[in-house]
Amino acid sequence: NNINSYMTKEKRSVEYVLINKKNVKKQFTPTKEEIILYYNNNSNLFIEEEKRTFIQFNFKSFDEANKLKSKIENMNDYNKILIFAEKNNIQYNIFENLSKNEVLDEIAEPLFKLRINNQSSIINSTLANHIIILKDIKQKRQLSLTEVEKDISSTIADIDTNNYLLDLENNISQDILDGMDLDFLAEKYKLKVSNLINITQNYNNFDAKDKLFYENFI
């Protein structure tokens, strides 16, 4: 029964190369000219859809919604309806700058037909009965290069990084098939070799941020 307490846990020492994608990406920062070219060739990707700001009342029953509707249907002013709701302790939600695909389908259709200060009829959805009043419209527009420059830079860097890593993986795989060892690979591709000495299966001498890597590695 005491044999297990005298057994030494199996230990292994390993050498490995860790390629950090974030560090690789720093090598592929695109030039201004590349960013402009990408923007011009993909202008359709940088369109901001029409967005709307509105107030929304929600009721469990149609009758509750209809009571409010009868009191506000002649109010053609967003602010007046807001003041009325405040005075009568009627709960509401304000949604700002939402595009059509960010709203429930049942609400999106009537919402994007309204004019500013107009109110909808009672809308029934799977969640509740709604009344919406439109406050503002931000028209669909083409985003400027300045607005999307950082995103484009990151996108180009991601593409170049992924291509580089894919080529690196294919080349290393072929070199391994050709019998090349880790030292050769490290020298050829300018990689840093790291090692772990005498680790066991319950090795935990690592930072929390590296937990996923080490647990999978071990």
Side-chain angles (χ1 to χ4, degrees), residues 7-53 95-105 108 138-218:
M7 291 181 65
T8 302
K9 290 185 178 180
E10 180 180 316
K11 297 179 180 180
R12 296 194 174 192
S13 297
V14 294
E15 289 185 327
Y16 65 95
V17 170
L18 176 62
I19 300 173
N20 189 316
K21 185 176 179 179
K22 289 183 179 178
N23 293 336
V24 174
K25 186 177 177 179
K26 294 175 183 177
Q27 304 172 29
F28 293 99
T29 302
T31 64
K32 182 75 172 183
E33 289 72 21
E34 289 174 315
I35 293 172
I36 293 172
L37 182 63
Y38 187 93
Y39 177 80
N40 290 336
N41 290 340
N42 299 278
S43 58
N44 61 309
L45 298 179
F46 308 112
I47 295 174
E48 184 177 79
E49 296 298 327
E50 180 183 311
K51 295 184 178 183
R52 298 199 164 199
T53 296
F95 298 96
E96 296 187 351
N97 297 323
L98 297 185
S99 59
K100 196 169 187 177
N101 61 7
E102 294 176 309
V103 183
L104 281 174
D105 290 342
K138 285 184 69 176
Q139 298 293 344
K140 180 178 179 179
R141 69 187 184 92
Q142 179 76 47
L143 295 171
S144 68
L145 175 61
T146 301
E147 290 175 287
V148 297
E149 187 170 351
K150 287 184 179 179
D151 289 337
I152 293 176
S153 178
S154 180
T155 297
I156 296 174
D158 277 333
I159 293 170
D160 290 344
T161 299
N162 290 336
N163 289 338
Y164 168 81
L165 292 176
L166 181 60
D167 287 343
L168 181 63
E169 181 181 358
N170 290 335
N171 290 333
I172 287 177
S173 295
Q174 185 59 53
D175 286 340
I176 291 173
L177 289 174
D178 292 341
M180 307 305 175
D181 63 15
L182 190 60
D183 289 335
F184 174 88
L185 296 174
E187 183 176 351
K188 179 178 179 179
Y189 298 105
K190 296 180 172 53
L191 304 173
K192 178 184 177 182
V193 177
S194 301
N195 59 64
L196 292 172
I197 306 298
N198 293 330
I199 61 169
T200 61
Q201 281 190 310
N202 60 357
Y203 175 78
N204 60 6
N205 186 25
F206 48 78
D207 294 334
K209 63 181 177 63
D210 299 322
K211 181 178 179 180
L212 184 62
F213 164 73
Y214 280 102
E215 286 186 346
N216 281 281
F217 181 79
I218 293 167

Would you tabulate the side-chain donor-acceptor contacts of residues 209-218 under 3.5 Å, counting partners in other chains and residues two or more places apart, or write 'none'?
{"from": "Asn216", "atom 1": "ND2", "to": "Leu212", "atom 2": "O", "distance (Å)": "2.7"}

Count the heavy atoms of every other residue, nucleotide or ligand shown that sit under 6.0 Å from CD of Gln27, and state whether that count exceeds 12.
yes
Heavy-atom pair with the smallest gap, counting every atom of Phe28 and Thr161
CD1-OG1, 3.7 Å
Is there side-chain contact between Lys25 and Ser154, with heavy atoms separated by less than 4.5 Å?
yes
Which distance, rounded to the nearest 0.5 Å, do you find between the CG of Asn163 and the CG of Leu168?
12.5 Å
Does any part of the side chain of Leu196, heavy atoms only, come nearer than 4.5 Å to the side chain of Asn205, both counted from C-beta?
no
Spacing of Glu147 atom CD and Glu48 atom CD [to the nearest 0.5 Å]
7.0 Å
I need the minimum non-hydrogen distance between Ser13 and Ile197, along with the two atoms involved.
OG-CA, 3.6 Å
Between Arg52 and Val103, is any pair of side-chain heavy atoms under 4.5 Å apart?
no
Counting only heavy atoms not in Gln142, do more than 12 sit closer than 6.0 Å to its CD atom?
yes
Closest non-hydrogen atom pair, Ile35 against Pro30
CG1-CG, 4.0 Å
Within a strict 4.5 Å, meaning less than it, do heavy atoms of the Val17 and Tyr189 side chains meet?
no
Where the side chain of Thr200 meets the backbone of Lys11, is there a donor-acceptor pair that is under 3.5 Å apart?
no
Report the distance from atom OG1 of Thr53 to atom CG of Leu98, rounding to the nearest 0.5 Å.
7.5 Å
Any chance you could lay out the side chain to side chain contact (heavy atoms under 4.5 Å, CB included) test for Ile36 and Lys32, step after step, and finish with the verdict?
CA-CA 6 Å; Ile36 293 172; Lys32 182 75 172 183; 4.0 Å; yes
Flag, side chain of Asp178 to backbone of Met180, donor-acceptor distance under 3.5 Å:
no
Asp105 CG: over 12 foreign heavy atoms closer than 6.0 Å
no
Distance col, row Leu165:CG vs Asp160:CG, nearest 0.5 angstrom, shows 11.0 Å
With rounding to the nearest 0.5 angstrom, report the CZ to CG distance, Phe46 to Asn40.
10.0 Å
side-chain contact (heavy atoms from CB on, under 4.5 Å) partner of Leu143, chosen from Leu45, Val148, Ile47, Asp151
Val148
After noting the C-alpha distance and the side-chain angles of Lys9 and Asn202, does the key distance pass the side chain to side chain contact (heavy atoms under 4.5 Å, CB included) rule?
CA-CA 10 Å; Lys9 290 185 178 180; Asn202 60 357; 3.2 Å; yes
Exam field: side chain Ser173 to backbone Glu169, donor-acceptor pair closer than 3.5 Å:
yes
Return yes when atom CZ of Arg141 has more than 12 non-hydrogen atoms of other residues, nucleotides or ligands closer than 6.0 Å, and no otherwise.
yes
Is atom NZ of Lys188 surrounded by more than 12 heavy atoms (other residues, nucleotides or ligands) closer than 6.0 Å?
yes
Supply the atom-to-atom distance Ile199 CD1 to Asn204 CG, rounded to the nearest 0.5 angstrom.
11.5 Å
Any donor-acceptor pair under 3.5 Å from Glu49 side chain to Lys100 backbone
no
